[in-house]
Amino acid sequence: MKRNSVFILMILLLAPVLFLSQQSQSNNVNGLTADRGSYEILSSYQGRNNVLKVDGSKTDWFIASYSLAKYRRKEITIEFSADVRREGAAGNLAWHVNNDGIWPMITEKYNAAQGQWHTIKGKLFVIPNNNNPCMYLTNWENNSPNTVYYVANFNIMITEGNPLTPDLTLTPLKSAYANNFLVGSIIDYTWADQTSGKHYDLLTHHSSTVTSAITYPVSLAPSVKGGAYWWETADRAIDIIKRKGIPVHGHVLIWHENTPEWIYTGSRVDVQANLNAYIRTVLGHFKGKINSWDVVNEAMKDNPSAADVKGDWRNGVRKQDNPWYTALGADYIEMAFRAARSADPEVKLYYNDYNNVWNGSVNVNKIDVICRMINDINTRYRAEGNTRNLIEGVGLQCHFQPKVNINDVRKSLNKLKTLGIEIAISELDISAVGINDDTRGVGKDSTMSEKDELAQARVYAKLFRLFREYKEIKRVTMWGLDDGTSWLSGGTPCLFDWKLNAKKTYYAVIDPDGFLKQYGER
């Protein structure tokens, strides 16, 4: 359920050169400029005045930027808005801040239509630490030779000081569920730095587990075969979390997205060798630091038909836009798990997927195909004389809306518990707007109506009340610490607002029975 959340590893190397090559601030649009030779300033264009025009064929990653040099190492809140237009092709538009090892996102417009203006606004608290700090517009593409970008009405306000006010006297979530399951959140360097400052204080106050979303293949693997792996960012973050004694879950080893092409390119023999080598390298590096891994992520079709899953579970494997299936067929799933078990006999291995509970109905076919896949692989593995399952856990992604039917979630859990392995609620958030909201950042300022806030909180309360019933559930991970850094910020989906203050959702989770007694079931 993540959209390109780890696209920018190469930016760390490119950033100094790109930023230093900018034009002087006298030739800009309200302080916004671009890479030398890539842009011009138009007096007007398509109903907008004073427009920055950027040629996508002459720039890389960074379309336009605004210097934050005067705020280096200062605590600031950035509030901005801009009209942005792509011509030539639809695609992404995202505003980030470049920092050492992380690139926090201010806001984004995902898959923006070409040929029309998009008003993009956002808000972010950040401490710029890069030698040449700036906020920048990116398209998430190496280059875009057929695309031209236009930026107008760029307005920015920067306020010094730290607005974050978490209350660390509140009962920790980890304490409330100490007798049930681990509970925690994620670390991800494109959304915020949860390993320092008040974000870190809040994360460690409440978490007895942390999922690393900075260990995608594209985050670690070299861009070309034989190159050096990028360990620095992940090592730093994971070491900081481990020093607090918090177990880390790794996400993810094999996925059809966010993977350098060389790993799944070549003959079947070549690709299997690449898969084995990648898993062996990563698990060897993190051995003893990461307690469990999502080995394979989202390998099944979104909505398998009855015909897809009749007979062989392999019929239900995702084929479209899945280079692993193209190279290795459905066998890549078992190959990955066997490679992981060989690389680290002690680490716990999970399969992770979504769409098991969706829009108020149970996707019976998908749950069925996942269960039959896991049972088949584990049965054959044990038949070889192994006393331990190969797939030891299943992660249930729960990106819900308030209308989700709790009884359907129960049916899903009942089906998964028949596997006899661990269950993790691996990615939990409840978006008041909806899973398809394609803007991040707007939720930082959103205020919910009391009706919407209570509806959201009641679902959280009902879910945690349900989760307590299952001894098979070993981990519940919130997919985002706060509304300000959530990937679904527009839906205000988290337990804490952008200032890190507890929302009604926190109180609903900390005491589901008491909350529902006070506010009712609906």
Side-chain angles (χ1 to χ4, degrees), residues 8 11-12 14-74 76-88 91-99 103-109 112 114-141 143-145 147-160 441:
I8 38 180
I11 294 176
L12 184 61
L14 294 170
V17 175
L18 290 169
F19 298 145
L20 288 172
S21 68
Q22 292 172 359
Q23 295 281 359
S24 68
Q25 289 293 300
S26 62
N27 189 8
N28 59 64
V29 173
N30 294 344
L32 191 72
T33 187
D35 208 27
R36 180 178 288 114
S38 70
Y39 76 100
E40 60 181 304
I41 297 175
L42 309 179
S43 59
S44 64
Y45 185 76
Q46 293 294 318
R48 304 294 194 274
N49 296 322
N50 196 27
V51 179
L52 184 74
K53 176 185 177 182
V54 183
D55 184 344
S57 67
K58 297 179 179 179
T59 188
D60 211 12
W61 291 114
F62 299 84
I63 299 167
S65 63
Y66 180 90
S67 176
L68 298 173
K70 66 182 290 186
Y71 300 105
R72 185 169 184 260
R73 301 197 182 283
K74 294 181 179 180
I76 60 172
T77 299
I78 299 170
E79 298 179 72
F80 89 101
S81 64
D83 294 345
V84 186
R85 181 185 181 103
R86 293 180 60 124
E87 290 190 357
N92 307 309
L93 298 168
W95 292 87
H96 288 258
V97 172
N98 68 313
N99 253 3
W103 301 270
M105 178 184 289
I106 307 174
T107 188
E108 72 163 341
K109 176 66 178 178
Q114 72 93 23
Q116 66 184 59
W117 289 104
H118 301 277
T119 299
I120 305 176
K121 62 180 181 178
K123 184 174 184 177
L124 179 72
F125 168 75
V126 68
I127 304 174
N129 289 322
N130 193 278
N131 288 331
N132 297 286
C134 74
M135 63 173 285
Y136 61 91
L137 173 66
T138 181
N139 53 19
W140 295 3
E141 302 156 24
N143 54 66
S144 46
T147 306
V148 178
Y149 302 88
Y150 300 86
V151 186
N153 294 337
F154 178 77
N155 294 291
I156 187 168
M157 181 175 69
I158 297 177
T159 306
E160 293 190 37

- Message: Between Asn155 and Ser81 (side chain of the first, backbone of the second, donor and acceptor by atom type, cut-off under 3.5 Å), is there such a pair?
- Response: no

- Task: Return the minimal non-hydrogen interatomic distance between Gly122 and Ile106, and the atom names on each side.
- Result: C-CG2, 3.9 Å

- Listed by chain and number, what are the side-chain hydrogen bond (donor to acceptor under 3.5 Å, both in side chains) partners of Asn153, not counting sequence neighbours? Asp83

- Item | Inter-residue atom distance Lys109.NZ - Ile120.CD1, 0.5 Å rounding | 8.0 Å

- Item | Exercise: identify the closest heavy-atom pair between Arg86 and Ala112 | CD-O, 4.3 Å

- Message: Apply side chain to side chain contact (heavy atoms under 4.5 Å, CB included) to residues Leu137 and Leu93 and explain how you reach the verdict.
- Response: CA-CA 7 Å; Leu137 173 66; Leu93 298 168; 4.3 Å; yes

- Note on the structure: With sequence neighbours left out, the residues meeting salt bridge (charged side-chain N to carboxylate O under 4.0 Å, His left out) with Arg72 are none

- Item | Interatomic spacing from OG1 in Thr77 to CG in Leu124 - rounded to 0.5 Å | 8.0 Å

- Item | Nearest-0.5 Å distance that lies between atom CG in Asn129 and atom CG in Asn99 | 5.0 Å

- ring-ring contact (aromatic ring centres under 6.0 Å, His included) against Tyr71, all qualifying residues, sequence neighbours excluded: none

- Query: What is the minimum heavy-atom distance between Ile76 and Glu160, and which atoms define it?
  - Reply: CG2-CG, 4.1 Å

- Message: Test side chain to side chain contact (heavy atoms under 4.5 Å, CB included) on Thr59 and Val54; report intermediate values, then the result.
- Response: CA-CA 8 Å; Thr59 188; Val54 183; 4.1 Å; yes

- Between CZ of Arg85 and OG1 of Thr119, what distance do you get to the nearest 0.5 Å? 12.0 Å

- Contacts of Phe154 that satisfy ring-ring contact (aromatic ring centres under 6.0 Å, His included) - sequence neighbours left out: Tyr66, Trp95

- Over all heavy atoms of both residues, which pair between Leu68 and Met135 is shortest? Give the atoms and the distance, please. CD1-N, 3.7 Å

- Side chain of Gln114, backbone of Gly88: donor and acceptor closer than 3.5 Å? yes

- Message: If the condition is side chain to side chain contact (heavy atoms under 4.5 Å, CB included), which residues does Asn49 pass it with, not counting sequence neighbours?
- Response: Ser44

- Message: Distance check, rounded to the nearest 0.5 Å: Phe80 atom CZ versus Lys121 atom NZ?
- Response: 11.0 Å

- Partner set under side chain to side chain contact (heavy atoms under 4.5 Å, CB included) for Val51, not counting sequence neighbours: Leu42, Tyr45, Arg48, Trp117, Tyr150, Ala152

- Task: Looking only at non-hydrogen atoms, find the nearest pair between Ser38 and Lys58 and report the distance.
- Result: CB-O, 3.7 Å

- Kindly say whether Asn132 contributes a backbone atom to a donor-acceptor pair with the side chain of Asn98 at under 3.5 angstrom? yes

- Kindly write out the residues that satisfy salt bridge (charged side-chain N to carboxylate O under 4.0 Å, His left out) with Asp55, not counting sequence neighbours, or none if the list is empty. none

- Check Ile41 against Tyr39 and note the closest heavy-atom contact, atom names and distance. CG1-CE1, 4.3 Å

- Interatomic distance, Asn30 atom CG to Ile156 atom CD1 [nearest 0.5 angstrom]: 10.0 Å

- Message: Side chains of Val151 and Leu32, heavy atoms from C-beta outward: is any pair under 4.5 Å?
- Response: yes

- Query: What's the verdict on side chain to side chain contact (heavy atoms under 4.5 Å, CB included) for Ile78 and Val126, showing C-alpha distance, side-chain angles and the deciding distance?
  - Reply: CA-CA 8 Å; Ile78 299 170; Val126 68; 4.0 Å; yes

